[in-house]
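Bear in mind that the values here come from a model prediction, so they are computed numbers and not experimental data.
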Protein chains: 2
Amino acid sequence: MTTGTITIGRLSARTGVNIETIRYYERIGLVPAPMRSAGGHRLYDEDASTRLSFVKRARELGFSLPEIRSLIGLEETAPTCADVYALATSHIQSIRKRINDLQALEQRLATLAANCSRSENTECPIIDALGGAYE
Amino acid sequence: MTTGTITIGRLSARTGVNIETIRYYERIGLVPAPMRSAGGHRLYDEDASTRLSFVKRARELGFSLPEIRSLIGLEETAPTCADVYALATSHIQSIRKRINDLQALEQRLATLAANCSRSENTECPIIDALGGAYE
DNA sequence: GCTAACATCTGTAGCGGCTACAGGTTCAAG
DNA sequence: CTTGAACCTGTAGCCGCTACAGATGTTAGC
C-alpha cells in the first residue's frame with residue numbers, strides 16, 4: 001500500500017460519510033476517482049478526505065449536489081466570492097420560506113389536534129376537517 | 001356517458017390534483033378505480049371527488065401516502081379518533097424538529113454570509129468554512 | 001357523416017440523494 | 001495457509017410524483 005493512503009472504510013469512518021455514498025459521489029463525478037490497490041480497492045489520500053468533508057459540510061448546510069459541484073469549482077471556472085454569496089443568500093431565502101410554511105402547518109395541525117376528543121370511536125374532528133368540510 | 005360523472009381532466013381541474021397524480025393514486029390503491037366509458041376513459045362520481053380532496057388536504061398537512069392510507073381507513077379497520085390524534089401529534093413533533101433544524105441552519109448560513117466580501121475573486125469565507133477549517 | 005383538435009389511454013423511465021442488496025474478490029491477521 | 005472482514009461491481013428500491021411516447025377515444029364544427 002502506498003504510504004499515507006487509506007481505504008474507503010477508513011475514509012468513511014473519518015468523514016462520517018457512508019461507504020455507499022462515497023462511491024455514489026465518485027460515480028456522479030462529485031469527488032474524483034482515487035487510485036487503486038493492485039487488487040482494485042480504492043486508496044484515498046489526504047486531499048480526498050478534505051474534499052469529502054467539504055461536500056459533507058455543504059450538504060449539512062442544505063446545498064444540493066449540483067450546487068456543491070459548482071461551489072467546489074468543478075464547472076469550467078471556480079466560483080467567485082460573489083457567486084458563493086449569491087448562492088448562500090438564495091438558500092437562506094428558501095430556508096426561511098420553508099420555515100414559514102412549516103410554522104403555518106404546525107399551527108393548523110395543532111388547532112385540529114386541540115379539538116380532538118381522542119376517543120376510541122371513529123368520529124374525529126381531524127378526519128372531518130379533511131373530508132367533508134368544504135367540498 | 002352516465003349522468004353526473006366527470007372525466008379525469010375535470011376531476012383534476014376541480015380538485016387541483018394533477019391528472020398523472022390521480023392515476024398514480026389509483027395505481028397504488030389510494031383511491032378506488034373508477035368506472036370506465038365504452039372507450040375506456042375513466043369516469044368519476046361525486047364520491048371520488050370527495051375522497052381525492054381528502055387526500056389532497058392530508059398531503060397539504062404533510063401526511064405521507066401510507067399515513068393517508070390509514071387515515072382513510074383502507075387498512076383492515078378504520079382508525080379511531082385516538083389513532084388519528086396520535087398520528088397528528090407525532091407529525092407535529094417532527095414538524096417542530098424540522099423547524100428547529102432549519103432555524104439553526106439559517107443562523108449558520110446567515111453568519112457565514114455576513115462575513116462575506118462578495119468580491120470577484122475566489123477567496124471566500126464561506127468556502128473556507130466548508131473546506132479547510134477543521135479537518 | 002367527416003374531420004380536426006383535443007382529451008385520454010397504457011406503460012415506462014426519470015428526478016434527488018442516497019441505501020440495500022447479491023454474488024464475487026481481496027486483504028490482513030494469526 | 002486459512003479465515004473472516006473488508007472491499008468490489010452492478011442493479012434495484014425508496015418517496016411522490018412528473019414526463020414522456022405512441023396509441024386510442026371523444027367532441028365540436030362544418
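- Asp83(A) places no side-chain N or O within 3.5 Å of a backbone atom of Ala86(A) that could act as its donor or acceptor partner.
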Walk me through whether Glu46(B) and Arg14(B) qualify under salt bridge (charged side-chain N to carboxylate O under 4.0 Å, His left out). CA-CA 11 Å; Glu46(B) 278 307 317; Arg14(B) 181 184 288 187; 3.1 Å; yes
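- Note: CZ (Arg59(B)) to C1' (dC17(D)) measures 9 Å, nearest angstrom.
- Put simply, OH on Tyr24(B) is 11 Å from P on dT18(D), counting in whole angstrom units.
- Considering only heavy atoms from C-beta on, Leu52(B) stays 4.5 Å or farther from Lys56(B) through its side chain.
- Ile68(A) places its CD1 atom 13 Å from the P atom of dG16(C), with the value rounded to the nearest Å.
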Per-nt protein contacts along nucleotides 1-15 of chain C (heavy atom under 4.0 Å; B base, S backbone sugar-phosphate only, - none) come out as -------SSB-----
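- Remark: Arg23(B) CZ is packed, more than 12 non-hydrogen atoms of other residues, nucleotides or ligands lying under 6.0 Å away.
- Rounded to an integer number of Å, the gap from CG of Leu30(B) to P of dC15(D) is 13 Å.
- Proximity of Ser64(B) to the phosphate of dC15(D): no side-chain N or O atom is located under 4.0 Å from OP1 or OP2.
- In this structure the side chain of His91(A) reaches within 4.5 angstrom of the side chain of Glu67(A), judged on heavy atoms.
- Under the 4.5 Å side-chain criterion, counting only non-hydrogen atoms from C-beta, Leu43(A) is in contact with Ser37(A).
- Leu71(A) and Tyr85(A) fall into different hydrophobic clusters, where Ile, Leu, Val, Met, Phe, Trp and Tyr are joined by side-chain heavy atoms under 4.5 Å apart, directly or via other members.
- Using a 4.5 Å cut-off on side-chain heavy atoms (C-beta onward), Arg59(A) and Leu65(A) make contact.
- Between Ile6(A) atom CD1 and dA6(D) atom C1' the separation is 14 Å, expressed in whole Å.
- We find that CG of Leu65(A) is positioned 6 Å from C1' of dG17(C), with the value rounded to whole Å.
- OP1 or OP2 of dC17(D) has not a single side-chain nitrogen or oxygen of Asn18(B) nearer than 4.0 Å.
- Contact between the side-chain N/O atoms of Tyr25(A) and the OP1/OP2 oxygens of dG17(C) is not found at any separation under 4.0 Å.
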For nucleotides 1-5 of chain D, list the nitrogen or oxygen atoms of the protein found under 3.5 Å from its nitrogen or oxygen atoms, one pair per line.
none

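- Considering only heavy atoms from C-beta on, Pro125(B) comes within 4.5 Å of Cys81(A) through its side chain.
- When the side-chain nitrogen and oxygen atoms of Ser37(A) are compared with OP1 and OP2 of dT26(C), none of them lie within a distance under 4.0 Å.
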